Amino acid sequence: MVHHSRRSFLKTGAGVAGLCLVEPCAFADGLPYSIHEPQPDRLMPFPLASVRLAPGIFKEQEEINARYLDSLAVDRLLYSFRATAGVSSIATPYRGWEAPTCELRGHFNGGHFLSAVALASAGSGNSDLRARGDEIVDGLAQCQKKIGTGYLSAFPTDLFEHLVQGKRVWAPFYTYHKIMAGLLDMYVLTGNNDALQIAEGMARWAGEFFWPIGAEQRQRMLREEYGGMNEVLVNLAAVTKKDRYLETAHLFEQPGFLDPLAARRDELQGLHANTHVPKIIGAARMYEVTGDRRYREIAEYFLEEVLTARTYVIGNTSVEEFWKTPPGQLQDTLQWKNAECCVAYNLMKLERLVFGWTADARWMDAHERALFNCRLGTQNAQGLKQYFVPLAAGYWRAYNTPEDSFLCCTGTGAEEFAKFSDTIYFHRGSDVYVNQFLASTLEWKEEGLTIEQQTHFPREQGTTLKVKSTGPAARTIRIRIPSWTAAAEVKVNDRTLGAVADPGSYLAIHRVWQDGDKISVSLPMHLWTEPLAGDDSIRAALYGPMALAANLGAGPTDETARALYDPFPKVIPPADPLPRVAAKTDAGPPQWIHVESPSELRFTADSESANFSLAPLCQIGDQRYSVYWQFQNQKDRTT
Ligand SMILES: [Zn+2]
């Protein structure tokens with residue numbers, strides 16, 4: 001989220017709404033693919049309700065997140081919506097970016113919170129959180145009705161007028177998008193019909209507001225962050241089969257941003273990362289519902305470019321929230337404010353969409369990299385979330401506060417930790433793709449098929465899939481063989497397959513599957529290094545998909561260093577120098593790191609000054625750490 005001083009955004013007046021009636025929910029398990037033309041070749045994720053996490057590291061994190069969501073009170077969440085609509089409330093409002101004086105208010109309370117509880121309801125059957133979501137929807141319906149124009153927000157329409165007038169204002173469409181997306185998730189994932197009606201009222205208001213504004217002025221207004229307004233309008237069009245929402249979605253497109261990407265030109269330097277990834281997600285969804293391949297080409301080029309030229313070893317991008325350098329030039333960018341967590345959330349959404357078109361394992365490799373390195377590990381035991389993932393040496397993790405922050409990454413994190421099951425399995429026709437190695441059960445009722453994935457991955461280097469079937473059925477089960485493994489081995493019912501797919505592709509096993517069949521997958525991990533783009537002498541070490549971090553000792557314990565009221569702590573000391581390795585970068589398998597325990601994921605490393613213990617970054621808790629290492633540079637080597 002682009003930051004503004006909260007003091008400069010003071011509360012303004014009240015806004016306006018009306019409900020429009022639509023047909024009832026036509027489905028309850030996922031967004032339809034296309035309004036206009038079916039595209040049966042696409043891989044589809046399974047509905048969240050079909051996949052349950054089994055006990056393990058992800059389930060544990062899902063439950064911590066659910067407890068945090070459960071700690072929030074409906075009346076307090078609704079306070080600013082009610083104040084804006086003129087509905088009385090005696091609740092104590094939350095603070096931070098949800099304070100009644102903050103122009104972003106409502107983004108979490110009526111947006112991310114609704115999405116998160118809808119995801120938790122569908123993904124883990126959490127009926128308490130679903131009821132909480134229903135209460136919020138009831139409260140929002142009352143506010144929208146009172147306003148009477150379709151408009152709904154926790155701030156008045158004045159802020160949109162400021163946008164029209166070119167006055168300084170903090171991203172009103174960004175917040176509007178979060179609320180619409182939360183409502184749409186409540187409809188799609190839990191079947192709350194009122195939520196769809198409210199979202200349609202909001203879409204109608206947005207169209208009525210934006211259509212009369214001239215194209216030039218609209219483009220000026222779109223310079224202010226607007227989240228995924230295009231995406232949510234496309235999704236609404238797909239759900240309702242109403243083209244007018246697609247037409248409104250087009251209003252949120254910026255040729256100045258999209259045209260260079262369509263021409264495969266990286267002009268991203270200077271842009272705010274998390275403002276722009278959602279625009280590409282919207283383009284990707286526009287391709288899916290219209291079939292216009294230009295949008296697909298934009299999305300594929302963007303994703304490839306960001307992942308290859310602008311991404312750190314943890315699978316995320318951005319420095320001080322921006323792309324600040326030419327492509328492939330990340331040297332001198334390691335600091336506290338690397339890798340805003342929202343950006344990972346959005347990149348993973350995009351990876352998932354592009355994978356659906358291409359079935360290319362590289363996108364699921366990238367998804368895994370982000371999942372294990374900058375999603376897992378960014379929530380603490382109280383369910384609080386990080387904002388940045390510092391990548392300079394000597395820094396530590398810091399988290400939002402329970403009731404005084406409500407940052408953008410608090411919101412996207414609350415969603416992420418409620419949907420770890422959404423990408424594990426995909427299908428095309430009756431074939432199943434096993435993308436990620438998370439302990440879980442897929443229950444595909446229509447096909448009479450259950451797949452139980454038993455694994456302690458990454459502490460276990462592989463996984464076991466147990467097939468339960470109502471009868472023999474011919475199908476292909478495809479399993480990702482990650483790019484980081486070598487010598488993968490796969491057994492079906494304890495018989496080793498003669499050939500396994502290359503790393504970085506899918507192994508297809510076609511047979512008549514019987515109830516009780518078992519697939520055992522061995523994915524040996526090894527140590528390897530990856531350079532920082534732009535400086536081959538700065539490298540990170542990985543074990544399998546996990547970036548390893550050197551433990552540099554206990555981090556600070558005082559609140560000023562740990563608690564995020566704004567995106568970063570009040571005081572950030574200078575970074576330490578990167579630990580130096582007395583080895584050449586091209587030395588092959590790293591000789592300077594040692595695997596102490598594969599099952600406990602413990603490692604040691606020799607640097608010039610000291611020996612360090614290492615662990616996967618996701619296991620670093622309160623310690624100070626370093627992910628990158630300084631090798632001898634070219635000059636050192638030749639002298
Ligand atoms: Zn964020």
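Each ligand, and each atom within it, is numbered from 1 in the order the structure gives. One is the number of the first residue; the rest follow in order along the sequence. Please read all numbers here as calculations on a predicted model, not as lab measurements. All values below come from the heavy atoms of this structure, side chains included, with hydrogens, waters and symmetry mates left out.
Side chains of Glu253 and Tyr295: a donor on one and an acceptor on the other come within 3.5 Å. With no hydrogens or angles considered, a side-chain donor-acceptor pair links Asn235 and Arg285 at under 3.5 Å. Under 3.5 Å, the side chains of His162 and Gln165 contain no donor-acceptor pair of N or O atoms.
Scanning for salt bridge (Lys or Arg N to Asp or Glu O under 4.0 Å) contacts around Glu161 gives an empty result, with sequence neighbours left out.
A cation-pi geometry, defined here as NZ or CZ lying under 6.0 Å from the six-membered ring centre and within 45° of its normal, holds between Lys385 and Phe417. Geometrically, Lys178 does not engage Phe108 in a cation-pi contact, judged by NZ or CZ lying under 6.0 Å from the ring centre and within 45° of the ring axis.
Around the Zn ion (ligand 1), protein N, O or S atoms at less than 2.8 Å comprise Glu340 OE2, Cys342 SG, Cys408 SG, Cys409 SG.
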